[in-house]
Amino acid sequence: MFKLRRIPLDNFFSNDSTTSYTNIFIYLDSILINGLSSVFLNGYIQKRTITKTIDNYISGKIDDGLKTHDHNEYSKSKQVNKQSITPRSNDSHIKSKNNINYCCDEDFRNESLEGRRNVRFQESNETIYTYFSLHRELYEYMNYYDIIKNNITKDNIMNVSFNSGDYIEIKGEITCVSLVCYLDYLITIIDSFNTSENVNLLDNLIANNNPGIWTFNALLKVLIHFKATLEKQHTGDIVVNCGDKVVILTVIDDNFLESKAHIFDKSNCCLTIFGKVLKHCSKNENLSLLRKTGHHDYYEGFLNNLEPYLNILRNNGISIPNPPKINYDENTLFVIPISIYI
């Protein structure tokens with residue numbers, strides 16, 4: 001087990017790294033890099049953006065009018081004074097009337113003007129990492145803590161102990177072994193004779209040799225389905241030789257950086273693989289290139305039963321390639337590559 005502790009970022013890029021910065025990447029799995037970065041690194045992306053917003057606002061108001069006030073008031077009163085000392089005295093009466101009326105006109109005008117200007121700044125920080133820089137930082141981090149078994153070559157590979165889950169950096173030589181290419185060649189040969197001018201030409205050859213009940217038309221349909229099954233999800237196997245061990249890589253076609261090139265253009269060349277070991281075949285264990293079909297026993301039997309029909313073609317001057325090796329036993333490493341570089 002290893003302990004992760006914070007180290008200065010400058011230590012990530014030491015000159016002791018086993019990976020040369022002049023290497024050329026031909027394969028990079030961005031999904032695996034993102035996943036491992038979330039485990040070993042900070043796991044987030046930063047950037048810096050600045051936004052400036054300016055708001056201008058002007059408003060005005062004018063009130064102009066005339067107000068008129070009318071007031072009318074009317075009052076009437078009567079007062080009677082009685083003298084009780086002398087019975088004969090006369091009553092005294094006082095009467096009064098009041099009438100008030102006035103009118104008032106008021107002219108007014110109100111004016112107002114208002115203006116506002118607002119300036120807002122918004123700032124956020126983010127650092128954008130490319131997958132290449134993330135790969136470099138991830139590799140340096142894992143290498144700093146000795147998580148990676150590196151410097152593995154054909155000269156010392158037999159002295160290295162491998163376990164499932166190990167991260168390795170291994171140098172090997174890519175081979176031309178390809179089951180898909182083999183099937184594609186067979187389909188092309190059989191289909192080239194399946195024309196209106198050559199109807200039943202190959203099937204007539206079968207009748208003269210009687211290898212079985214198969215016809216070449218039936219074989220062609222099975223071969224097309226067989227090849228399509230191996231190409232599902234755009235994944236495939238690459239066989240790499242490293243001394244006395246064989247390394248089988250499961251790759252995704254879209255992760256190759258040279259989209260217009262073919263991986264076998266690099267065959268018989270030395271390359272470096274940084275990846276994770278999924279399986280190390282021990283004694284009595286094997287790894288089949290047909291495992292993706294889900295019926296590797298059936299398809300392996302189909303390829304064996306196909307040989308008598310291919311021999312008929314060979315005997316009639318039609319060149320047929322030798323079938324590739326299907327099963328790899330002891331001393332085989334099954335690796336999922338994070339990156340491949342030359």
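From a predicted model like this one, the values you see are computed outputs, not experimental measurements.
Every residue meeting the ring pair (Phe, Tyr, Trp, His ring centres under 6.0 Å) condition with F132, not counting sequence neighbours, appears here in chain and number order: F25. For F274, the ring pair (Phe, Tyr, Trp, His ring centres under 6.0 Å) partners two or more places apart in sequence, or in a different chain, are H135, Y139. Under the side chain to side chain contact (heavy atoms under 4.5 Å, CB included) criterion, D155 pairs with T153, sequence neighbours left out. Annotation: side chain to side chain contact (heavy atoms under 4.5 Å, CB included) contacts of S30 (sequence neighbours excluded): Y131. Applying the side chain to side chain contact (heavy atoms under 4.5 Å, CB included) criterion to N316, with sequence neighbours excluded, gives L205, I312. Residues meeting the side chain to side chain contact (heavy atoms under 4.5 Å, CB included) test with N255, sequence neighbours left out: Y27, D29, I252.
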Is there a side-chain contact (heavy atoms from CB on, under 4.5 Å) between V335 and F162? Walk through the geometry before answering. CA-CA 11 Å; V335 176; F162 295 99; over 6 Å; no
What's the verdict on side-chain contact (heavy atoms from CB on, under 4.5 Å) for T250 and F334, showing C-alpha distance, side-chain angles and the deciding distance? CA-CA 8 Å; T250 295; F334 182 30; 3.0 Å; yes
Verdict with reasoning, L257 to I24, per side-chain contact (heavy atoms from CB on, under 4.5 Å): CA-CA 10 Å; L257 304 182; I24 299 175; over 6 Å; no
side-chain contact (heavy atoms from CB on, under 4.5 Å) assessment of L290 paired with L179: CA-CA 9 Å; L290 298 173; L179 183 56; 3.2 Å; yes
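Applying the side-chain hydrogen bond (donor to acceptor under 3.5 Å, both in side chains) test to residues at least two apart or on different chains, the pairs with a partner in residues 158-168 are K149-D166. Listed by first and then second residue, the salt bridge (charged side-chain N to carboxylate O under 4.0 Å, His left out) pairs that reach into residues 283-299 are D237-R291, sequence neighbours excluded. Screening residues 268-280 for side-chain hydrogen bond (donor to acceptor under 3.5 Å, both in side chains) gives K245-H280 as the qualifying pairs, with residues at least two apart or on separate chains.
Of all heavy-atom pairs between L32 and P337, the closest is CD1-O, 3.6 Å. Contact detail for L28 and S339: the closest heavy-atom pair is CD1-CB, 3.7 Å. Nearest heavy-atom pair across L249 and V247 is CD2-CG1, 3.6 Å. Listed here is the closest heavy atom pair of S288 and H296: OG-CB, 4.0 Å.
Atoms CG and CG, on L186 and L310 in that order, are 5.5 Å from each other to the nearest 0.5 Å. Rounding to the nearest 0.5 angstrom, the gap separating the CG atom in N284 from the CD atom in E330 is 8.0 Å. For the atom pair SG of C176 and CD1 of I238, the computed distance is 11.5 Å after rounding to the nearest 0.5 Å. We find the CG-OH distance between N286 and Y328 to be 12.0 Å, quoted to the nearest 0.5 Å. Of the inter-residue distances, the one linking C270 atom SG with I342 atom CD1 reads 10.0 Å to the nearest 0.5 angstrom. Atom CD1 of residue I273 and atom CD1 of residue I338 lie 12.0 Å apart, to the nearest 0.5 angstrom.
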Only pairs under 3.5 Å count here: list side-chain donor-acceptor contacts from residues 213-230, not counting sequence neighbours, and write none if there are none.
unit_1: T215; atom_1: OG1; unit_2: A218; atom_2: N; d: 3.2
unit_1: K227; atom_1: NZ; unit_2: E231; atom_2: OE1; d: 3.3
unit_1: K227; atom_1: NZ; unit_2: E231; atom_2: OE2; d: 3.1
unit_1: T229; atom_1: OG1; unit_2: H225; atom_2: O; d: 2.9

Would you list the atom pairs, donor with acceptor, under 3.5 Å between side chains in residues 299-308 and any protein atom, with sequence neighbours excluded?
unit_1: E300; atom_1: OE1; unit_2: N327; atom_2: ND2; d: 3.4
unit_1: E300; atom_1: OE2; unit_2: N327; atom_2: ND2; d: 2.9
unit_1: N304; atom_1: ND2; unit_2: E300; atom_2: O; d: 3.2
unit_1: N305; atom_1: ND2; unit_2: G301; atom_2: O; d: 3.2
unit_1: E307; atom_1: OE1; unit_2: R314; atom_2: NH1; d: 3.4

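For the pair N315 (side chain) and N311 (backbone), a donor-acceptor distance under 3.5 Å is present.
Hydrophobic clustering keeps I31 apart from V39 (ILVMFWY residues linked when any side-chain heavy atoms are closer than 4.5 Å, directly or through intermediates).
Two residues are said to be in side-chain contact when any heavy atoms from C-beta on lie closer than 4.5 Å; L134 and N34 meet this criterion. Contact annotation: the side chain of L289 never approaches that of P324 to less than 4.5 Å [non-hydrogen atoms, C-beta and beyond]. Looking only at side-chain heavy atoms (C-beta outward), L183 and V180 stay at 4.5 Å or farther from each other.
Sparse packing is recorded around CG of D244, with 12 or fewer heavy atoms of other residues, nucleotides or ligands lying under 6.0 Å away.
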